[in-house]
Amino acid sequence: MAPVTVFGSAVFANAARVLVCLEEVGIEYEVVEVDYMAKEHKGPEHLSRNPFGQIPALQDGDVMLFESRAISKYVLRKYGKASNVDLLREDSAEEAALVDVWTEVEAHHYFPAIAPIVYECVVFPARLGMQPNQKVVDESLEKLGKVLEIYEARLSKSKYLAGDFFSFADLTHFPYTYYFMKTTHASLLDKFPHVKAWWEDLMSRPSTKKHGAGMFLEP
Ligand code: GS8
């Protein structure tokens, strides 16, 4: 059977989220490049994979999925058990709920604060040759600092976000934090020692090391 295919390489942060999950479960997969500069993601072939014309999409036999967080959960749910990798904790309603809570926190609090900084300081300079909009960066840094206060309090009580076990709730933070840590604002994490230690732990995993190496947007 054809291996699982991811459309979009790790350079796209949302594809990197999926790729680290595939790496964690240790299955075979292939990555098909989508030519962003040629707007291939807005062409009919990619629109048939993702009607919003965004990267990534994933194909697994007859299953075609988009939305990186949903794809990631599919990968972990479908292939985690066989590999003895349990990043969703679905055997326990309580643990699974905490994984969901902190996965939602990433999507609705962390991402909206960190993403504009990544776009202004990494993505737009690299792809569009633009200078960062300092007002957007400053406002987002303030927002992110407030979110990180909550993370610091949480991570001073448990080693990982959902509890004392590593889960998708942690892993989903990898791609945007990885790019953020490439910016001159990375020192913000120094104010939050538990968050910094958590981030270093996340970056010590083979999955994040491997796909971090594929994230190389330079201005
Ligand atoms: C977002 C995908 C996305 O923005 C997900 O999969 O998690 N919520 C979706 N993808 C970007 C590239 S990665 O940063 C993209 O395709 N941008 C082009 C566009 O939105 O037109």
Side-chain angles (χ1 to χ4, degrees), residues 4-24 29 31-60 63-78 87-88 99-100 102-130 132-133 136-137 140 144 147 161 167-183 185 202 207-208 210-219:
V4 169
T5 304
V6 179
F7 296 90
S9 65
V11 76
F12 299 99
N14 293 296
R17 175 178 291 114
V18 171
L19 291 168
V20 288
C21 291
L22 284 161
E23 204 60 39
E24 290 280 341
Y29 58 92
V31 177
V32 172
E33 297 280 348
V34 180
D35 189 344
Y36 186 89
M37 296 317 263
K39 293 202 176 353
E40 199 185 333
H41 54 303
K42 301 297 180 195
E45 210 173 337
H46 192 74
L47 283 170
S48 74
R49 303 175 190 128
N50 180 341
F52 293 97
Q54 291 187 319
I55 298 164
L58 173 137
Q59 182 163 23
D60 183 12
V63 177
M64 182 69 87
L65 298 170
F66 58 95
E67 282 299 337
S68 63
R69 294 169 184 83
I71 299 173
S72 298
K73 287 171 97 170
Y74 166 82
V75 165
L76 296 173
R77 198 172 277 136
K78 176 145 188 203
L87 299 190
L88 297 175
V99 173
D100 285 348
W102 287 96
T103 300
E104 294 289 323
V105 169
E106 185 275 334
H108 302 297
H109 297 280
Y110 189 86
F111 174 84
I114 203 168
I117 307 168
V118 168
Y119 287 119
E120 291 294 333
C121 299
V122 182
V123 179
F124 297 159
R127 295 215 182 274
L128 308 170
M130 282 166 60
N133 178 330
V136 172
V137 173
S140 302
L144 183 61
V147 172
L161 288 170
S167 75
F168 177 59
D170 306 295
L171 198 53
T172 189
H173 288 76
F174 159 69
Y176 281 87
T177 314
Y178 185 84
Y179 274 141
F180 175 79
M181 294 306 281
K182 296 275 179 213
T183 73
H185 307 293
L202 193 53
S207 66
T208 55
K210 173 168 177 174
H211 286 300
M215 298 173 75
F216 52 79
L217 279 176
E218 302 284 355

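Just so you know, ligand 1 is whichever comes first in the structure, and atom 1 is the first atom listed for that ligand. Position 1 is the first residue of the sequence, and the numbers go up from there.
Looking at T172 and Y110, their side chains never bring a donor and an acceptor atom within 3.5 Å of each other. For the 3.5 Å distance criterion, the side chains of Q59 and T5 fail to qualify, holding no donor opposite an acceptor. Side-chain N/O atoms of Y119 and Y176 include a donor and acceptor closer than 3.5 Å.
For atom 7 (O) of ligand 1, the nearest protein heavy atom (residue, atom name, distance) is S68 OG, 2.6 Å. N14 ND2, 3.4 Å is the protein heavy atom nearest to atom 13 (S) of ligand 1. Counting protein heavy atoms only, atom 9 (C) of ligand 1 is closest to E67 OE1, 3.2 Å. Distance from atom 1 (C) of ligand 1 to its nearest protein heavy atom, with residue and atom name: Q54 OE1, 3.5 Å.
Contact annotation for Y176 and ligand 1: only side-chain heavy atoms (C-beta onward) come within less than 4.0 Å of the ligand. For Y119, every heavy-atom contact with ligand 1 shorter than 4.0 Å involves the side chain, none the backbone. Using a 4.0 Å cut-off between heavy atoms, Y36 contacts ligand 1 through its side chain alone, with no backbone atom that close.
Ligand 1 has an N or O atom lying under 3.5 Å from an N or O atom of I55, backbone or side chain. Residue K42 places at least one N or O, backbone or side chain, under 3.5 Å from an N or O of ligand 1. Residue H41 places no N or O, backbone or side chain, under 3.5 Å from any N or O of ligand 1.
Considering only heavy atoms from C-beta on, Y74 comes within 4.5 Å of D60 through its side chain. Between V75 and S72, the closest side-chain pair of non-hydrogen atoms is not below 4.5 Å.
Interatomic distance, N14 CG to R69 CZ, rounded to the nearest 0.5 Å: 6.0 Å. Residue C121 holds its SG atom at 14.5 Å from NZ of K182, rounded to the nearest 0.5 Å.
E106 has a carboxylate O that lies under 4.0 Å from a charged side-chain N of R17, or vice versa, which qualifies the two as a salt bridge.
For ligand 1, the atoms closer than 4.0 angstrom to any heavy atom of P56 are 6 (O). In the vicinity of R69, heavy-atom distances shorter than 4.0 Å reach the ligand 1 atoms 7 (O). Short contacts between ligand 1 and F12, defined as distances under 4.0 Å to a heavy atom of the residue, involve ligand atoms 12 (C), 13 (S).
Annotation: K39, atom NZ; neighbour count of heavy atoms from other residues, nucleotides and ligands within 6.0 Å does not exceed 12.
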